[in-house]
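Below is one structure; the comments refer to it alone.
Keep in mind that what you see is a predicted model, and the values were worked out from it rather than measured. Below, read A as the first sequence line, B as the second, and so on, with proteins coming before strands; counting in each chain starts at 1. No hydrogens, no waters, no symmetry mates; every other heavy atom, side chains included, goes into these values.
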Amino acid sequence: MDLTLVAESPYRFRLEQQDPMRVPGVVFATRELLPQAAGDKSLEQVANVATLPGVVRASFAMPDVHWGYGFPIGGVAATDIDAGGVVSPGGVGFDISCGVRLLAADLDTGRLAPRMRQLMDTLGHTVPRGTGRGGLWHLTGPGQMAELLAGGAVYAVGRGHGVPRDLDRCEDGGRLPGADPSGVGPRAVERGLGQVGSLGAGNHFLEVQAVDRVYDEETAAAFGLRAGQVCVMIHTGSRGLGHQVCTDHVRAMDQALRTYRISLPDRQLACAPVDSPPGRAYLGAMAAAANYGRANRQLLGQAARRAFASAVGADLELVYDVSHNTAKLETHEVDGAPVRLCVHRKGATRALPPGDPELPEDLAAAGQPVLVPGSMGTASYVLVGTVGNDAFRSACHGAGRVWSRHQALRQVRGEELRGELEARGIAVRPSSWRGLAEEAPRAYKDVDAVAAATEGAGLARLVVRLRPLGVVKG
DNA sequence: ATGTCC
């Protein structure tokens, strides 16, 4: 396919529809942010996604788009369920329900400073992280796992890990409906039993941050945020359990392609109709894995609360918890009529506008917080959903990688990077030197530019900028 | 992302 991009506005580029695409591609970015890394095939992937059966409107890419498995990371695509639309595990990603939780402390940076070292040491010693390894909550067995997979953060709070108010500030109230724990295989269950309440590795982290800049005072206040305030941002997902669920169902769907006579430009887009046995099986297992991810972040939020209580004597209120790797059944207006859709967001955050009935009462007038973590040592952002977002109410999810992990390892030494960050006043508690080097800020796009482009494209509005004070690295 | 290969 000829991948010519046509600028429709300074923040919106169009990939013209051509055979076998069923819809055009739309990339939200500035010219500077468009994928240009050697070997980045993400624009080709945007076009590939546009060939999926039942896809409607367009195959979208957010400003942080980069190459991924099948779908690009930063990709959004919706399929019409009643017109044979498909669901694809590659459109969710291996880390099912990977997402971000932001908590705000009743504390400003000045009062934290003398206790910062103690706080970071406490977090460093109590937050489980790294590949494999254990978590904060060891489940007793498959029976308890089934309850957690069905209940997500609701189950965790019911067992004393948090307060009911937390659930008001979680996407879907902390529990994605439609979970089918029986679709999560024994191997996935085995991997997950000891990992509830763990960060994992890669780009996952727990960061202590400060509200650095406020763009919209009224919305910030509705979110419980003010200038100079200390916050905690947690970025993690469904660990080995979600990975295993994706692996198992990609295999099943690859075999289902023949049954449903689906031809694809890339086998990594393996999929099945939403309304089919393999489609329903994946969505049930995916929702269960999503609930694992939500319980995981709930447990880590509690670990942060304990550390703040003991080291600083401060409380943490949940601002919001939202996933950026999901496939959700939603109704949107397409060509003037409501249509039942399966919306894939892979490295893309749902962004509900003010007035949406899914919002909790105290956020109804403001809109949904959109949590955008930056790369290590750089800023993070809170944005808010806006009216008129035609990417099925979706926004960016982070900075977006430009160097491969391998490439980063050739350019950066972890020990040196830690020194650079500490010299800039950012405390670092690493898990491995290698992992630290792979996550060097140089390996990512400029998150300030990504956030600005997201606002420029009308996907969401800036609310606050957060700067890092200390990072507990996965 | 991931017991970075069953």
Touch check for [X], heavy atoms < 4.0 angstrom, all strands: base, sugar-phosphate only, or nothing?
{"X": "A:G202", "result": "sugar-phosphate"}
{"X": "A:G200", "result": "sugar-phosphate"}
{"X": "A:Q195", "result": "sugar-phosphate"}
{"X": "A:R187", "result": "base"}

Distance, rounded to the nearest Å, where [X] contributes [atom1] and [N] contributes [atom2]:
{"X": "A:E438", "N": "B:dT2", "atom1": "CD", "atom2": "P", "answer": "12 Å"}
{"X": "A:F94", "N": "B:dC5", "atom1": "CZ", "atom2": "P", "answer": "12 Å"}
{"X": "A:I73", "N": "B:dT2", "atom1": "CD1", "atom2": "C1'", "answer": "13 Å"}
{"X": "A:Q244", "N": "B:dC5", "atom1": "CD", "atom2": "P", "answer": "14 Å"}
{"X": "A:Y69", "N": "B:dT4", "atom1": "OH", "atom2": "P", "answer": "17 Å"}
{"X": "A:D248", "N": "B:dT2", "atom1": "CG", "atom2": "P", "answer": "16 Å"}
{"X": "A:E190", "N": "B:dT2", "atom1": "CD", "atom2": "P", "answer": "17 Å"}

Legend entry - Ring centre gap for A:H235 and A:H397 strictly below 6.0 Å: no
Inset, instruction - Enter the distance from A:Y155:OH to A:Q298:CD here, rounded to the nearest 0.5 Å. - result: 13.5 Å
Inset, instruction - Check whether the side chains of A:E439 and A:Y444 place a donor and an acceptor atom closer than 3.5 Å, and report yes or no. - result: yes
Inset, instruction - Could you pick out which residue, A:R251 or A:R405, lies toward the 5' side of DNA chain B when each is mapped onto its nearest nucleotide? - result: A:R405
Legend entry - N/O donor-acceptor pair under 3.5 Å between A:R350 side chain and A:Q368 backbone: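 Checked: no pair found.
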